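Order of the sequence lines sets the chain letters (A, B, ...), proteins ahead of strands, with each chain counted from 1. Nothing here was measured: the structure is a model prediction, and the numbers come from that model.
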Amino acid sequence: MVQEQAAAAGANDAAPSAKDAEQQQPKPFSVKEGMQGIITLLEKAVKTKETRLLMGRLMRQTAMVRKHMTASDLVAFINTYLPMDSKSAGFLKGYVMQDGDTAPMEDDATAAGDAGDGADAGSAPGPSQLPEVELYMYLLLLVNLLDRKQFAQAREVADTAVGLLQQHNRRTLDAIGARIYFYYSWAYECTGALADVRSTLMAAHCTAGLRHDAVGQETLLNLLLRNYLAYNLYDQAEKFRSKAQKADTWRVPGQYCRYLYYLGTIRAIQLEYTEAKEVLQQASRKAPTCAHGFRVACNKWLILVRLLLGEVPERVEFSAPGMRTPLAPYFELTCAVRSGDLAQFRVVSEKFAAAFRADRTTNLITRLQYNVIRTGLRRINLAYSRISLKDVAEKLALPSAVDAEYICAKAIRDGGIDAVLDHAGGFLATRELTDLYSTNEPQAAFHERIAFCLNLHNEAVKAMRFEPDAHKRALAAANGGKEQMSVEEIARAIEEEEEDDM
Amino acid sequence: MSLLKEAQQLLDKLKTAHKKNDWPAGKAVLGQLRIKLIQLPAVPPNTGFSSPTAQQELLLARDVYEHAVLLALKSQDEAALESSFTQLKTFYADTRSLLPAAPQEWMFAGLDLLRLLVANRIAEFHTELELIPAEGMTVPHVVSAVQLEQWLMEGAYNKVLAAGKSLPPECSFAVEQLSATVREEIASCAEASYSSLKLADAQVLMMMTSKKELEQFAEQVQ
């Protein structure tokens with residue numbers, strides 16, 4: 001408040017120096033003002049039943065407040081915005097007081113001071129009866145406790161919040177409710193009890209589907225998928241995902257990215273690498289720029305899927321900013337696969353075994369062994385027109401020449417290398433190179449690229465579509481206007497007639 | 001408690017039938033046992049009822065399901081095998097917190113993996129593999145199943161055929177089918193990679209013991 005007055009005084013002086021000073025020192029963020037803004041927004045949104053406003057602006061402002069919030073701030077808000085006698089106020093204050101930094105005396109003083117300032121400002125909202133405000137307080141406390149890593153307490157608060165949430169059926173609560181479920185699941189995950197939450201989340205998901213609560217449905221779908229995948233239950237996750245109700249368009253882009261990532265991991269485990277690659281690439285592209293951890297995780301899986309498909313990722317991808325350290329094991333792995341050196345591959349996978357286990361990609365990496373052998377064979381095939389099977393075995397670090405024979409035969413049949421085996425002589429001979437352009441290869445390559453471009457075009461056109469109800473809204477507005485005008489017009493017309501008559 | 005005793009008696013009968021490899025008798029006893037299991041209060045899906053003999057009942061149920069699987073393995077009945085494996089796996093998952101860990105759980109997991117591999121259901125093989133933790137990976141059944149899958153994917157068929165003889169006894173159901181699959185694969189690979197191959201060499205490749213076997217196989221494939 002003091003800063004506001006100072007700024008006002010500076011502006012009143014109308015001196016360019018004061019304005020420069022103001023521009024040089026941007027006003028520090030005031031948590032109180034942030035909260036006032038949020039509560040006003042909430043009340044307005046509930047009055048006008050404007051749910052989209054809640055999702056976007058509310059969450060952004062909450063993020064700003066979250067960074068600067070302290071326990072005393074929280075108590076002040078609870079005192080200001082929740083009715084004194086509500087059960088929630090007492091419950092929440094109990095949790096804040098437990099780990100509050102300041103003594104209760106000071107809180108009362110600041111609360112009184114805030115109330116006074118609020119009266120001065122004149123437009124600050126007072127205690128509110130809305131369940132939205134109440135649950136928003138719960139959300140704030142949850143976020144605060146989680147930020148301070150007090151997970152056990154966060155769990156208790158989350159339990160109460162969810163219980164309270166389930167008593168209401170208001171669409172304006174959807175956005176806040178979805179966030180509460182998210183942090184509820186997160187609190188349980190941080191305390192290692194994720195399995196307990198599964199039935200609650202499932203019930204909530206079904207309810208959200210029945211009530212057409214799109215945001216809640218998306219969030220809960222992703223939370224459940226995360227739950228299953230945390231325990232490696234890929235089978236169940238896939239069954240759930242295929243049977244769950246999903247809306248045609250996703251309301252929250254962040255949830256869409258998460259969904260694509262989970263889908264990609266499921267597909268990768270199920271050996272459907274092409275689909276996995278497509279989905280993971282989409283997830284990585286649509287992710288916001290600040291989601292570093294998410295991008296890193298996406299890229300790890302994407303690299304593995306591309307290696308399994310037989311293509312080698314570019315070196316540039318590994319040295320993108322922020323990616324170098326987390327992707328270092330994967331970079332070495334790619335080098336080993338690219339060189340076709342089985343011994344090197346084994347060394348690398350053992351060296352970084354702990355990292356891979358933490359990423360849950362160990363099994364995928366075991367599958368890469370075949371790719372290493374195939375790449376090695378291809379290099380040998382290109383380099384030698386004829387090579388004895390014993391030498392092949394030596395180069396590829398295979399146990400014996402007999403193994404090498406079988407492996408070469410399979411590689412030839414799968415189309416990995418273009419060669420002929422000679423059993424009697426015991427060697428592998430390359431077939432004569434045919435002219436590539438006389439085959440169908442160029443056509444296939446062109447087709448892939450054209451299909452991608454066309455897909456992009458189609459998606460862009462779809463994205464430019466108006467919403468299906470937009471024309472109805474416009475029509476309603478026009479009709480309403482016309483009706484009003486018609487009443488006015490009639491009145492005016494009558495007056496004019498009277499005047500004319502007179 | 002008499003219910004428990006009756007169930008115990010039936011289980012003993014099942015075990016003897018299993019030892020004698022008597023599938024029809026075993027199946028009959030199994031049917032009776034399943035009815036008894038539904039009546040026992042502590043066995044899933046009857047969770048929520050506590051009972052003084054809960055532990056014994058659960059252990060009994062686990063024994064029953066395991067023997068059901070073993071019997072089905074011996075009799076090579078595909079449908080029974082599928083359903084008994086599903087029941088056993090669900091039972092393990094449900095009672096993980098209620099019962100002490102059973103070492104044979106991972107043996108059954110390995111057998112399940114082998115069954116999926118032989119039926120060429122590789123996607124399900126890998127999904128199941130993800131569920132096995134580090135301690136399960138050292139069990140011989142799991143190790144051999146994973147090794148076999150690796151060799152099949154690489155194409156080292158000679159190893160697969162050789163390993164078929166050294167598998168643990170419960171896996172005998174897999175050996176025959178595996179050999180048949182592998183021989184077909186070798187035949188198609190050989191077709192693609194060799195321009196010409198002497199009969200004797202082909203015999204060695206397929207690891208068949210006599211010329212007649214080779215001729216029979218050739219006729220079969222044609």
Problem set entry | Top contributor to chain A interface from B/Ala192, B/Gly155, B/Ala190 [non-hydrogen pairs under 4.5 Å] | B/Gly155
Problem set entry | Heavy-atom neighbours of A/Arg241 CZ exceed 12 at 6.0 Å | yes
For this session: State the CG-CD distance between A/Leu342 and B/Glu154, to the nearest 0.5 angstrom.
Result: 7.5 Å
Exercise. About how many Å separate CD of B/Glu130 and OH of A/Tyr234, when rounded to the nearest 0.5 Å?
Worked result: 4.5 Å
Problem set entry | Side chain to side chain, B/His126 and A/Leu271, heavy atoms closer than 4.5 Å | yes
Problem set entry | Nearest-0.5 Å distance, CD of residue A/Glu405 to SG of residue B/Cys189 | 11.5 Å
Seminar exercise, completed: Output for pair (A/Lys410 NZ, B/Ile186 CD1), nearest 0.5 Å, gives 12.0 Å
Problem set entry | Crowding at CZ, A/Arg386 (>12 non-hydrogen neighbours, <6.0 Å) | no
Seminar exercise, completed: If you tally heavy-atom pairs under 4.5 Å between each of A/Ala419, A/Ala409, A/Pro399, A/Ala411 and chain B, the highest tally belongs to A/Ala409
Problem set entry | Separation between CG of B/Leu161 and OH of A/Tyr406, rounded to the nearest 0.5 Å | 7.0 Å
Problem set entry | Value rounded to 0.5 Å, distance of OG1 in A/Thr362 from CE in B/Met137 | 8.0 Å
Exercise. Is it true that atom CD of B/Glu191 has more than 12 heavy atoms of other residues, nucleotides or ligands lying nearer than 6.0 Å?
Worked result: no
Problem set entry | Pair B/Ser193-A/Arg413, side-chain donor/acceptor within less than 3.5 Å | no
Exercise. With only heavy atoms counted, which part of A/Leu233 is less than 4.5 Å from chain B, the side chain, the backbone, both or neither?
Worked result: both
Problem set entry | Student check: side-chain heavy atoms of B/Glu124 and A/Gln270 closer than 4.5 Å | no
For this session: Counting only heavy atoms closer than 4.5 Å, note whether B/Leu152 contacts chain A via side chain, backbone, both or neither.
Result: backbone
Exercise. By a 4.5 Å heavy-atom criterion (distance strictly below it), what part of A/Arg374 contacts chain B: side chain, backbone, both, or neither?
Worked result: neither
Exercise. Would one find more than 12 heavy atoms of other residues, nucleotides or ligands at under 6.0 Å from atom NZ of B/Lys159?
Worked result: yes
Exercise. For the candidates A/Asn232, A/Leu421, A/Ile373, which exhibits the highest count of non-hydrogen atom pairs separated by less than 4.5 Å from chain B?
Worked result: A/Leu421
Exercise. Do other residues, nucleotides or ligands put more than 12 heavy atoms under 6.0 Å from A/Phe240 CZ?
Worked result: yes
For this session: Report, as yes or no, whether the 6.0 Å neighbourhood of atom NZ on B/Lys27 holds more than 12 heavy atoms from other residues, nucleotides or ligands.
Result: no
Problem set entry | chain A contact via B/Glu149 - which portion, at a heavy-atom distance below 4.5 Å | neither
Exercise. What part of A/Ile407 gets closer than 4.5 Å to chain B, counting heavy atoms only: side chain, backbone, both or neither?
Worked result: both
For this session: Determine the option with the most heavy-atom pairs under 4.5 angstrom with chain A, choosing from B/Thr127, B/Leu131, B/Asn158.
Result: B/Asn158
